[in-house]
Amino acid sequence: MQKNHPAVLIVGAGPVGLASAIELGRRGIECLVIERNERVGYAPRAKTTNARTREHFRRWGIADQLRKASPLGLNYPSNVVFCTRLSGYELMRFENSFYCAPGRNPLYSEHSQWIPQYTVEEVMRAYALTLPSVKILFNTELLEVQNTPQHVLASYKNRQSGDITQIQCAYLIGADGSRSKVREVIDAKMEGQQGLSKNYNIVFSAPGLDKAHELGPAIMYWQVNPEAPGLIGPMDRDRWFFMPTGVDKDAKFDLNGATELIKKSTGIDLPYEVLSSDEWIASRLIATHYSKGRIFLAGDACHLHPPFGGYGMNMGIADGVDLGWKIAANLQGWGGTELLNSYELERRPVHDLVMNEAVVNHAVLGNQLWREGLEDNDANGETLRQQIGQQIERSKMREFTTLGVILGYRYEHSPVMLYDGQPYPENDFINYVPSSRAGCLAPHAWLHDGSSLYDHFGMGFTLLFSDQNSHPAAESLIIAAQELRIPLKVIHPTESAIGQLYPKRFTLIRPDQHVAWTGDEIANDAKVFLYKISGQH
């Protein structure tokens with residue numbers, strides 16, 4: 001490989017591309033991120049950074065930076081309020097939606113956070129640029145890609161100067177969104193349900209709107225009315241988003257009429273100023289394949305779904321994490337071909353699970369909840385509001401109370417894990433029951449010194465050893481890891497609760513904090529065992 005050519009080219013500098021770059025950069029892998037746009041603006045995109053994503057931020061050492069960047073402040077209540085309109089009647093509310101309330105929870109090391117995606121990107125980008133092996137170029141467009149068995153040849157153009165650069169790299173990651181050019185390069189097609197609904201995103205300035213109603217602070221208000229049903233909520237104190245739902249597929253968006261639409265929907269007459277707007281189509285689509293040779297897809301480039309549930313950005317960041325550490329392991333010489341092949345085998349079932357949840361959530365919007373008389377100021381109106389409130393509680397709880405999805409997903413059929421052969425329980429979208437079985441997220445615990453168990457995991461694999469006495473199998477594993485240059489850290493937590501969460505003598509935990517294997521004995525030769533876990537067989 002020629003000098004100054006990156007080991008990995010990442011196309012797209014959104015959260016997915018940045019997550020990939022951070023995973024690679026923290027391990028000293030040279031990577032170049034190119035982005036055709038300037039990643040600035042008010043576009044709402046995601047607004048929920050869930051607990052699992054924030055655990056990655058903690059692992060990267062920047063959870064506190066994200067916490068401090070919250071425009072609304074950490075103590076702003078993450079309530080979701082259903083109402084007829086901001087000036088109208090409350091129908092139902094979900095408190096502490098998405099688990100954003102600060103404070104320690106035994107199930108996770110970081111709570112979720114309501115924060116605009118552009119602020120999340122700023123924190124990630126600032127950290128990525130502190131990593132010496134990461135370089136980011138904006139206004140830079142991918143032109144051509146040649147995928148060979150030995151390397152990837154690519155060219156890109158600076159959109160301002162017109163200069164064209166050709167590079168050679170070991171791998172390419174396409175994190176370039178729903179209109180991915182990289183997806184075209186590997187001849188992947190998006191399949192599934194196209195056009196579930198048509199929607200608009202409108203971001204606007206509205207000083208005083210937070211005080212102009214009596215519903216109290218919330219992160220989202222679902223407005224159920226016949227004129228303009230949809231979602232509205234604050235991004236910071238004066239900047240809000242408005243998303244009409246179920247728009248007629250033949251409707252043409254009228255930017256000039258946007259402020260009147262907001263007034264109709266809220267029932268509040270203020271001098272609104274539209275800052276940005278865009279149209280989007282809700283679909284459930286997944287790529288026919290995620291990779292070809294040395295090129296991989298991540299995030300919206302390989303899966304698209306309705307935003308209800310707040311999964312999109314978070315799922316994409318998890319893609320970047322999975323790809324990042326596996327590619328780094330391969331380039332460092334201790335991760336084999338099967339480790340790279342495991343990316344799609346592990347992530348696709350998770351994508352299907354989460355996309356199905358998003359489609360269920362999308363099925364009930366404000367449009368379906370409206371009933372004639374819902375805003376009547378009489379006994380019949382009050383009875384109707386109570387009935388609709390009960391319907392909302394039944395049908396929408398799984399959208400805002402989803403720890404079973406956020407933390408409970410698992411990798412059940414990975415070629416780089418050693419399973420116990422027993423079936424897993426059914427997926428539960430609400431209840432998360434920690435498990436140290438292979439494929440599951442390693443159970444979390446707070447230690448007596450105030451630290452998280454996760455804080456003691458290593459950059460590579462971690463062997464959690466519940467037996468405080470020396471053990472020949474553990475010693476042989478440590479020696480084999482050293483000989484194979486597989487990074488391995490051994491920890492011996494003493495808290496009794498750890499033994500309950502990790503009942504087997506040994507638990508081997510991957511860099512992404514998922515369990516690779518657990519057991520009381522290492523049955524095979526230690527090297528054979530590690531060959532399997534690192535994909536070198």
Side-chain angles (χ1 to χ4, degrees), residues 48-56 58 77-80 82 92-114 219-220 305-312 314-315 318 346-347 349-364 389-413 417 419-420 422-446 452-454 497-504 507 509 512-515 518:
T48 306
T49 303
N50 70 27
R52 184 68 195 123
T53 298
R54 279 187 43 84
E55 287 184 327
H56 289 308
R58 184 185 184 102
S78 61
N79 299 331
V80 173
F82 284 74
M92 172 65 196
R93 69 172 55 217
F94 296 92
E95 297 185 345
N96 189 27
S97 296
F98 307 114
Y99 310 92
C100 292
R104 292 195 168 189
N105 187 303
L107 296 176
Y108 46 78
S109 63
E110 291 287 337
H111 58 83
S112 302
Q113 188 173 346
W114 180 260
I219 55 175
M220 280 193 290
H305 61 268
F308 304 102
Y311 298 118
N314 297 286
M315 191 159 63
E346 290 180 357
R347 294 300 297 162
V350 176
H351 297 155
D352 274 325
L353 169 69
V354 171
M355 292 165 69
N356 289 341
E357 284 296 313
V359 171
V360 169
N361 295 336
H362 174 271
V364 180
Q390 293 168 358
Q391 180 185 346
I392 292 168
E393 185 175 19
R394 290 191 303 270
S395 61
K396 301 300 284 183
M397 179 175 63
R398 70 187 302 165
E399 185 167 343
F400 310 114
T401 311
T402 57
L403 207 58
V405 177
I406 294 171
L407 301 181
Y409 70 84
R410 54 190 178 249
Y411 301 138
E412 295 187 23
H413 305 289
M417 291 181 176
Y419 298 96
D420 58 17
Q422 299 301 310
Y424 289 89
E426 290 292 322
N427 289 303
D428 188 326
F429 64 89
I430 291 182
N431 298 299
Y432 166 58
V433 180
S435 172
S436 60
R437 295 177 62 191
C440 298
L441 178 65
H444 175 262
W446 293 106
S452 163
L453 176 63
Y454 289 176
I498 304 300
Q500 297 171 17
L501 292 169
Y502 296 86
K504 301 293 185 180
T507 304
I509 300 161
D512 60 358
Q513 299 174 342
H514 279 262
V515 176
T518 187

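This chain uses plain numbering: 1 for the first residue, then up along the sequence.
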I498 side, atom CD1; T507 side, atom OG1 - distance, nearest 0.5 Å: 10.5 Å

Contact summary for L501 and P434, nearest pair of heavy atoms: CD2-CB, 4.4 Å

d(F82 CZ, I392 CD1) to nearest 0.5 Å is 5.5 Å

Could you check E399 against V80 for side-chain contact (heavy atoms from CB on, under 4.5 Å), going step by step and ending with a plain yes or no? CA-CA 11 Å; E399 185 167 343; V80 173; over 6 Å; no

From OG1 (T402) to CG (N431), nearest 0.5 Å: 11.5 Å

Rounded to the nearest 0.5 Å, what separates atom OG1 in T49 from atom NE2 in H56? 12.0 Å

Look at R58 together with E55 and state whether they make a salt bridge at an N to O cut-off of under 4.0 Å. no

Search all heavy atoms of R437 against all heavy atoms of P423 and return the closest pair with its distance. NH1-O, 3.1 Å

Donor-acceptor contact present, side-chain H111 to main-chain C100, <3.5 Å: yes

What is the ring orientation for Y424 with Y419, classed by angle as parallel under 30°, tilted 30 to 60°, or perpendicular over 60°? perpendicular

Of all the heavy-atom pairs spanning C440 and S435, show the shortest one and how long it is. CB-O, 3.3 Å

Test item: S112 side-chain N/O and A51 main-chain N/O as donor-acceptor pair under 3.5 Å: yes

Assess whether side-chain contact (heavy atoms from CB on, under 4.5 Å) is satisfied between H305 and V359, documenting all intermediate values. CA-CA 7 Å; H305 61 268; V359 171; 5.6 Å; no

On the 0 to 90° scale, with breaks at 30° and 60°, tag the F94-F400 ring pair as parallel, tilted or perpendicular. tilted

Shortest non-hydrogen pair, T48 vs N314, comes out as O-ND2, 2.9 Å

Could you check whether any side-chain heavy atom of H514 comes within less than 4.5 Å of a side-chain heavy atom of R410, counting everything from C-beta outward? no

Taking T518 for its side chain and K504 for its backbone only, find out whether a donor-acceptor pair lies under 3.5 Å. no

Hey, are the side chains of T401 and Y99 touching, using non-hydrogen atoms and a 4.5 Å cut-off? yes

When you measure from the side chain of D428 to the backbone of G404, do you find a donor-acceptor pair of N or O atoms at a distance under 3.5 Å? no

ring-ring contact (aromatic ring centres under 6.0 Å, His included) partner of H444, chosen from Y502, Y108, Y432, Y454: Y454

Closest non-hydrogen atom pair between N427 and L353, with its separation: ND2-CD1, 4.0 Å

As an exercise, state the distance from NZ of K396 to CZ of F308, rounded to the nearest 0.5 Å. 7.0 Å

Closest contact, heavy atoms only, Y411 versus Y409: OH-CE1, 3.8 Å

Please tell me if the side chains of N361 and R398 come closer than 4.5 Å, counting only heavy atoms from C-beta onward. yes

When you measure from the side chain of W446 to the backbone of S109, do you find a donor-acceptor pair of N or O atoms at a distance under 3.5 Å? no

Is R347 reaching over with its side chain to a backbone N or O of M315, donor-acceptor style, under 3.5 angstrom? yes

Hey, are the side chains of M397 and M92 touching, using non-hydrogen atoms and a 4.5 Å cut-off? no

